[in-house]
Amino acid sequence: MRKHKRLDRTFYTRTDVLQIGKDLLGKVLVSNIDHQISSGIIVETEAYRAPDDKACHAYLNRFTKRTSIMFEEGGHAYIYLCYGIHHLFNVVTASSGMAHVVLIRAIEPLENIKLMLNRRGLAQVKPQLTAGPGVMSKALGLSKKYNGIDLTSADSSIWIEDHGIEVANTNIIKSPRVGIDYAEECALWDWRFRIKNNPYTSKAR
DNA sequence: CGAATGATCGGCT
DNA sequence: GCCGATCATTCGA
């Protein structure tokens, strides 16, 4: 039994995806893969919101097999393979029918750092261990195989805990999202959130 | 059925 | 700072 409580359904089903993105900072992402637990504090997130967000896969509520998970009720995991190599971990929010998601971009290693180093093939801890959506997933052992699981289910392999870490508003930095230039004006929206002065966020800009 | 494309990372210059 | 890897998914024919 874990010491800390999992976030429950009501956390995820709120309608303001930007607020959820901010609230997730300081929460702890945990994975239990092959009976091995590893975890980290969420330090950087990014919000995506259909139908008006061109950067979102479900822009204009485009409904395909891949995006269908985004229309599920909040609390599910949307894991997507990017550039053929990287698994990106997202949390589905809002109620079913609303394709709102939060991309978890970086964590600060917490439990079982040794296992994470192993998965990453690194010898010692450095920010690049978990600073970035692709490497973070790799460190925690997340992959497409877990796409669509329910984070609030008692027996899921991935979940998010509240360790009572408070992140003051003044310690949250907002900035534009990157890597989505094709999204035109949407690329300018300040929908990326990170904890100020945390070395495990991806490079500041 | 075939072709284009991307919410990134790491290595090289 | 820039460039290439690499494949599931999507869309058009």
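Just so you know, these numbers come straight off a predicted model, no measurement behind them. Every chain is numbered from 1, with letters handed out A, B, ... down the list of sequences.
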Run the numbers on A:Lys27 and A:Glu161 for salt bridge (Lys or Arg N to Asp or Glu O under 4.0 Å), then give the verdict.
CA-CA 6 Å; A:Lys27 297 294 185 290; A:Glu161 292 176 349; over 6 Å; no
If the cut-off is 4.0 Å, is [X] near the phosphate of [N], judged by side-chain N/O to OP1 or OP2?
X	N	answer
A:Arg105	B:dA7	no
A:Lys138	B:dC9	no
A:Arg120	B:dC9	no

To the nearest Å, how far apart are [X] [atom1] and [N] [atom2]?
X	N	atom1	atom2	answer
A:Leu60	C:dT10	CG	C1'	15 Å
A:Arg66	C:dC11	CZ	C1'	12 Å
A:Ile69	C:dA8	CD1	C1'	17 Å
A:Tyr59	B:dA7	OH	C1'	16 Å
A:Arg119	B:dC9	CZ	C1'	19 Å
A:Leu88	B:dC9	CG	P	7 Å
A:Arg62	B:dT5	CZ	C1'	11 Å
A:Arg192	B:dT8	CZ	C1'	11 Å

Worked verdict on A:Glu46 versus A:Arg105 for salt bridge (Lys or Arg N to Asp or Glu O under 4.0 Å):
CA-CA 7 Å; A:Glu46 211 165 270; A:Arg105 295 189 53 85; 3.3 Å; yes
Contacts to DNA chain C from residues 70-87 of chain A, heavy-atom cutoff under 4.0 Å, which residues?
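Residues of residues 70-87 of chain A under 4.0 Å from DNA chain C: A:Leu81, A:Tyr83, A:Gly84, A:Ile85.
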Out of B:dC9, C:dT10, C:dA8, which nucleotide sits closest to the side chain of A:Thr64?
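Looking only at heavy atoms from C-beta outward on A:Thr64, the closest nucleotide is C:dT10.
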Under 6.0 Å from the CG atom of A:Asp52, do we count more than 12 heavy atoms belonging to anything else shown?
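Yes, enclosed.
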Please check this pair: side chain of A:Asn90 against backbone of A:Tyr78, looking for a donor-acceptor N/O pair closer than 3.5 Å.
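Answer holds: yes.
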Of all residues at least two apart in sequence or in a different chain, which pass the salt bridge (charged side-chain N to carboxylate O under 4.0 Å, His left out) check with A:Glu166?
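Scan of A:Glu166 (salt bridge (charged side-chain N to carboxylate O under 4.0 Å, His left out), adjacent residues dropped) gives none.
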Taking the side chain as every heavy atom from C-beta outward, state whether A:Ile37 and A:Ser31 have any pair of such atoms under 4.5 Å apart.
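Not touching, per the 4.5 Å side-chain cut-off.
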Pairing of A:Arg9 and A:Glu73 as salt bridge, 4.0 angstrom limit
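Judged by the 4.0 Å cut-off on N to carboxylate O distance, A:Arg9 and A:Glu73 do form a salt bridge.
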Indicate yes or no: does A:Arg14 engage A:Asp23 in a salt bridge with an N to O separation below 4.0 Å.
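Judged by the 4.0 Å cut-off on N to carboxylate O distance, A:Arg14 and A:Asp23 do form a salt bridge.
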Positive for ring pair (Phe, Tyr, Trp, His ring centres under 6.0 Å) with A:Tyr80, one of A:His57, A:His86, A:His87:
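Of the listed residues A:His57, A:His86, A:His87, the ring pair (Phe, Tyr, Trp, His ring centres under 6.0 Å) partner of A:Tyr80 is A:His57.
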For DNA chain C, what string of dots and brackets results from 5' to 3' when Watson-Crick and G-U pairs need both distances under 3.5 Å, crossing pairs get [ ], and pairs with another strand get |?
|||||.||||||.
